[in-house]
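Beneath this line is the structure, given in structure tokens, with notes to follow.
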Amino acid sequence: MRLLLIEDDDRIAGPLTEGLGRYGYTVDRVRTGAAGLADAAAAPDLVLLDLGLPDMDGLDVCRSLRARSPIPIIMITARGEEADRVAGLELGADDYMAKPFGVRELVARIRAVTRRTGALPAVPPGPDAMPSAPVAASAPQQLGPLHLDRRTRQVRLDGRDVALSPREFDLLVFLAQDPGAVHSRQQIMDAVWDPHFFGPTKTLDAHVAALRRKLGDPAWITTARGVGFRLTVPGDSPPEAAR
């Protein structure tokens, strides 16, 4: 399946092209809206369209593409406001993804769009594709008052259920694989998000903060300044290690 990527930022386009290639897609990349409109004449199977282009607004590119053909279009952009999403969809985009995002999610969106539009089926992921969860199911784990059951994806603290989002649970599972060990920010992002995740790592800080809040004590996840994070049972490490 051949994709046309209209994206001017090399920091996004390079890893994205590589990541999609691992799933069997061929990606033709151009940097401007004008080049994208020209290349679209070659009838790619789907267009990935950034809105922040140097020569013209991506919404205008979308309008022109849709006027020419029913080619599937997925907008990928840093513009995450509702008004931008609505405008893009009303102009004919089939889906809209706000940066940051991971390749796995994008591939899922591509498959969904091609199913809806009747375009060519997506190539199944290769043998090196990342698993859907960072940790395989195993026996329940007890860390002080914290009970972690990977098989049922349940967490209990002092006998009470702790409601976590799927990503918060995966983050806790990853840190709990080796309690006390420091994991770098990049290791965590690669395992819990995606090796080809695009965007600032502040999303990790937000999830760490949410986990600390739900576990009721920031000392559960301590910060190794300049490196990353570790999971500790409160009282097992100096309180100044937490931030």
Side-chain angles (χ1 to χ4, degrees), residues 7 9-16 18-20 22-23 50 52 76-81 96-109 128-138 141 143-144 146-150 153-155 157 162-234 236-243:
E7 168 64 70
D9 191 337
D10 292 339
R11 296 170 300 177
I12 299 295
L16 184 56
E18 178 186 349
L20 288 169
R22 294 178 63 231
Y23 284 86
D50 182 29
I76 52 172
T77 176
R79 301 183 195 174
E81 298 297 325
Y96 190 111
M97 292 188 67
K99 301 171 185 176
F101 58 84
V103 169
R104 284 201 300 269
E105 180 184 0
L106 177 57
V107 168
R109 299 289 187 100
D128 62 339
M130 293 294 293
S132 59
V135 181
S138 63
Q141 184 178 7
L143 296 165
L146 183 68
H147 180 83
L148 179 61
D149 191 330
R150 294 174 174 83
R153 297 183 70 84
Q154 291 181 321
V155 177
L157 182 63
V162 179
L164 301 180
S165 71
R167 191 76 74 183
E168 290 165 355
F169 181 85
D170 290 343
L171 174 58
L172 180 60
V173 162
F174 179 76
L175 295 175
Q177 289 180 355
D178 192 0
V182 175
H183 302 276
S184 73
R185 300 175 69 89
Q186 191 59 53
Q187 287 173 332
I188 297 171
M189 294 299 296
D190 286 353
V192 181
W193 275 262
D194 191 301
H196 299 285
F197 180 84
F198 305 109
T201 59
K202 64 182 179 181
T203 187
L204 171 58
D205 298 282
H207 281 77
V208 167
L211 260 183
R212 286 170 170 165
R213 183 175 63 255
K214 292 182 178 182
L215 294 177
D217 189 337
W220 275 106
I221 302 178
T222 61
T223 301
R225 285 178 171 79
V227 181
F229 300 96
R230 65 163 66 87
L231 181 72
T232 61
V233 177
D236 288 357
S237 61
E240 62 268 21
R243 183 178 65 184

>> Applying the side-chain contact (heavy atoms from CB on, under 4.5 Å) criterion to L175, which one of D170, I188, T232, V208 satisfies it?
In response: I188

> Is the closest basic N to carboxylate O distance between R22 and E18 below 4.0 Å?
Replying inline: no

>> With a 4.5 Å cut-off on side-chain heavy atoms, are L143 and L148 touching?
In response: no

>> As an exercise, state the distance from CG of L157 to NZ of K214, rounded to the nearest 0.5 Å.
In response: 13.5 Å

> Excluding sequence neighbours, so at least two apart, what forms side-chain contact (heavy atoms from CB on, under 4.5 Å) with A210?
Replying inline: E168, R213

> Between R230 (side chain) and A224 (backbone), is there a donor-acceptor pair under 3.5 Å?
Replying inline: no

> When rounded to the nearest 0.5 angstrom, what distance separates CZ in R153 from CG in L172?
Replying inline: 10.5 Å

> Shortest non-hydrogen contact from K99 to D50?
Replying inline: NZ-OD1, 3.6 Å

> What closest approach, in Å, do H183 and Q187 show between heavy atoms, and which atom pair accounts for it?
Replying inline: CA-OE1, 3.4 Å

> Any side-chain heavy atom of L171 within less than 4.5 Å of one from F229?
Replying inline: no

> Taking the side chain as C-beta and beyond, is there a heavy-atom pair between Y96 and I76 under 4.5 Å?
Replying inline: no

> Does any N or O in the side chain of E7 come within less than 3.5 Å of the main-chain N or O of I12, such that one atom is a donor and the other an acceptor?
Replying inline: no

> Hey, are the side chains of L231 and F174 touching, using non-hydrogen atoms and a 4.5 Å cut-off?
Replying inline: no

>> Taking the side chain as everything from C-beta on, heavy atoms only, tell me whether L146 gets closer than 4.5 Å to Q141.
In response: no

> In Å and rounded to the nearest 0.5 Å, what is the CE to CD distance from M97 to E105?
Replying inline: 3.5 Å

>> Return the CZ to CZ distance between R150 and F169, rounded to the nearest 0.5 Å.
In response: 7.0 Å

